[in-house]
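Take a look at the structure set out below.
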Amino acid sequence: MADPMKIRATLVGDSTEVKVLMQHEMETGQRKDAQGKTIPAWFIQTVTATWNGKTVLTAQWGTSVAKNPFLAFKFKGGAKGDRIQITWVDNHGDKRSDEATIA
Amino acid sequence: MGAALTAVAASVAFAQGSTADAIAKYREALQDGNPAELWEARGEELWKTPRGPKKVAFTACDLGLGAGVVKGAYAQMPRYFADADRVMDLESRLVWCMVEQQGYTQEQATKVPFGDGSAKRSDLEALAAYVVGQSRGVPMRVSLDHPKMKTMYALGEKMFFYRGGTHDFACSTCHGEDAKRIRLQDLPNLTTREGAQKAYTTWPAYRVSQGELRTMEWRLNDCFRQQRFPELKYDSDAAVALTTFLAYNANGAPYAGPAIKR
């Protein structure tokens with residue numbers, strides 16, 4: 001199981017700014033280990049963000065996204081105390097969900 | 001002929017300037033989402049959880065400001081610890097607490113000083129990230145009042161200027177003059193106050209190229225490797241002495257780590 005995400009959500013004017021730091025290997029599948037064997041690809045495939053249960057962002061990621069990725073986005077709306085949930089699923093089927101409230 | 005040479009020299013200088021600017025911009029862009037935070041979070045967990053054969057948490061560990069006090073402690077390290085009768089940097093002190101309070105052997109405590117950027121993760125790096133993060137913004141204030149601190153500083157200074165190894169290198173070969181570079185990276189001049197402050201206060205740091213958080217002892221260890229020196233032993237007096245020399249020279253500057261570096 002991956003470490004928890006760090007999520008910060010702040011209200012800026014009439015929109016919410018969300019910043020997420022995720023812990024993931026994001027292995028490209030192009031590197032080789034010390035024995036010369038290819039290290040299999042292992043990366044986050046989909047990212048979903050919900051605001052009080054309503055989806056505000058979905059993203060499809062590939063191997064070009066950096067290790068331990070950082071994601072920042074804005075959406076219209078939101079109020080202090082609202083719930084933001086971020087979920088990612090990787091190509092192993094592993095999943096991680098974390099929550100934060102808008103500050 | 002003379003004019004042509006001048007033109008070449010000018011364009012080289014320009015290229016260096018713009019590269020350094022671009023690297024500075026790159027660092028600034030990354031600063032917001034510094035993955036060091038993930039290490040800090042893991043370190044905080046490790047700090048508060050009872051560990052080792054004696055099931056003691058680091059909250060019993062005195063970093064110089066009292067048992068379990070983390071806030072601002074790193075800005076005053078290395079320092080002399082009477083209970084160990086030794087000058088210690090942060091990493092040495094963590095190891096000491098693991099051995100003396102938590103019941104690990106020295107070997108167990110220092111088994112994984114540095115992670116490999118993947119499955120092999122170092123608890124010491126995470127703990128260091130957490131502790132140093134609690135000194136962010138606190139001015140460096142390392143004191144040489146204790147005679148053993150003076151000895152350590154003098155030893156560190158001597159090591160810094162000591163030429164040796166197969167390449168007749170010293171730390172000062174690269175870090176003793178302004179505007180030296182390794183590949184495209186500008187190297188800090190650690191003999192000046194500004195140079196030492198800028199360098200020391202931004203370690204430990206998350207290294208993007210390694211996907212790891214790296215501590216000061218890692219930085220020194222890798223400098224030794226680059227100089228083709230014998231390996232700098234983790235938690236050794238040599239490592240502490242060099243750290244003492246650099247930390248004291250950085251006094252006065254607000255601590256700014258854990259930073260992010262290429």
Side-chain angles (χ1 to χ4, degrees), chain A residues 1-10 12 16-44 47 49 57 59 61 63-74 84 86 88 90-92 94 96-100 103, chain B residues 22-23 25-49 51 112 114-130 132-134 136 204-215 218 225 257-262:
Chain A
M1 191 64 178
D3 283 347
M5 288 179 245
K6 290 284 254 184
I7 306 172
R8 274 173 298 164
T10 37
V12 184
T16 304
E17 196 171 43
V18 185
K19 292 177 177 180
V20 192
L21 199 53
M22 310 169 198
Q23 188 253 316
H24 201 281
E25 280 300 312
M26 299 303 284
E27 192 61 58
T28 63
Q30 308 212 40
R31 296 200 306 156
K32 291 185 168 64
D33 64 13
Q35 279 76 46
K37 281 202 311 208
T38 303
I39 305 171
W42 179 26
F43 56 96
I44 294 175
V47 181
L57 174 127
W61 281 4
T63 53
S64 62
V65 174
K67 175 174 184 152
N68 299 327
F70 173 64
L71 168 71
F73 64 93
K74 278 197 258 191
I84 300 289
I86 312 282
W88 57 252
D90 69 17
N91 67 325
H92 288 180
D94 284 342
R96 163 117 220 155
S97 276
D98 286 288
E99 276 189 8
Chain B
I23 290 174
K25 267 192 202 143
Y26 169 79
R27 286 197 181 133
E28 206 182 290
L30 288 175
Q31 191 60 53
D32 199 18
N34 187 351
E37 277 186 43
L38 298 168
W39 271 256
E40 285 180 58
R42 190 161 77 87
E44 189 174 3
E45 267 307 301
L46 289 168
W47 184 268
K48 291 175 178 165
T49 315
R51 301 154 46 89
V112 189
F114 315 123
D116 68 353
S118 183
K120 194 173 94 182
R121 303 209 288 181
S122 164
D123 287 352
L124 286 162
E125 282 175 335
L127 285 161
Y130 166 64
V132 304
Q134 297 295 309
R136 206 175 285 128
Y206 179 80
R207 286 293 298 269
V208 177
S209 53
Q210 302 176 14
E212 266 294 359
L213 186 125
R214 294 307 191 190
T215 59
W218 176 89
R225 180 188 64 79
I260 187 164
K261 291 174 192 263
R262 177 199 62 85

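Naming convention: chains lettered A, B, ... in sequence-line order (proteins, then strands); numbering from 1 in each chain.
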Within 6.0 Å of CD in B/Glu45, more than 12 heavy atoms from elsewhere | no

Supply the atom-to-atom distance A/Lys19 NZ to B/Glu37 CD, rounded to the nearest 0.5 angstrom.
-> 10.0 Å

Atom pair CG (A/Asp3) and CZ (B/Arg121), whose distance is rounded to the nearest 0.5 Å =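 Answer for the CG-CZ pair, A/Asp3 versus B/Arg121, is 4.5 Å.
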
Structural part of A/Met22 lying under 4.5 Å from a heavy atom of chain B = backbone

Against chain B, label A/Pro4 side chain, backbone, both or neither, depending on which of its atoms sit under 4.5 Å from a heavy atom there.
->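 For A/Pro4, the backbone is the part near chain B, not the side chain.
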
What are the two closest heavy atoms between B/Pro35 and A/Leu21, and how far apart are they?
-> CA-CD2, 3.7 Å

Output the option from A/Met5, A/Arg8, A/Glu27 having the highest count of non-hydrogen pairs under 4.5 Å with chain B.
-> A/Arg8

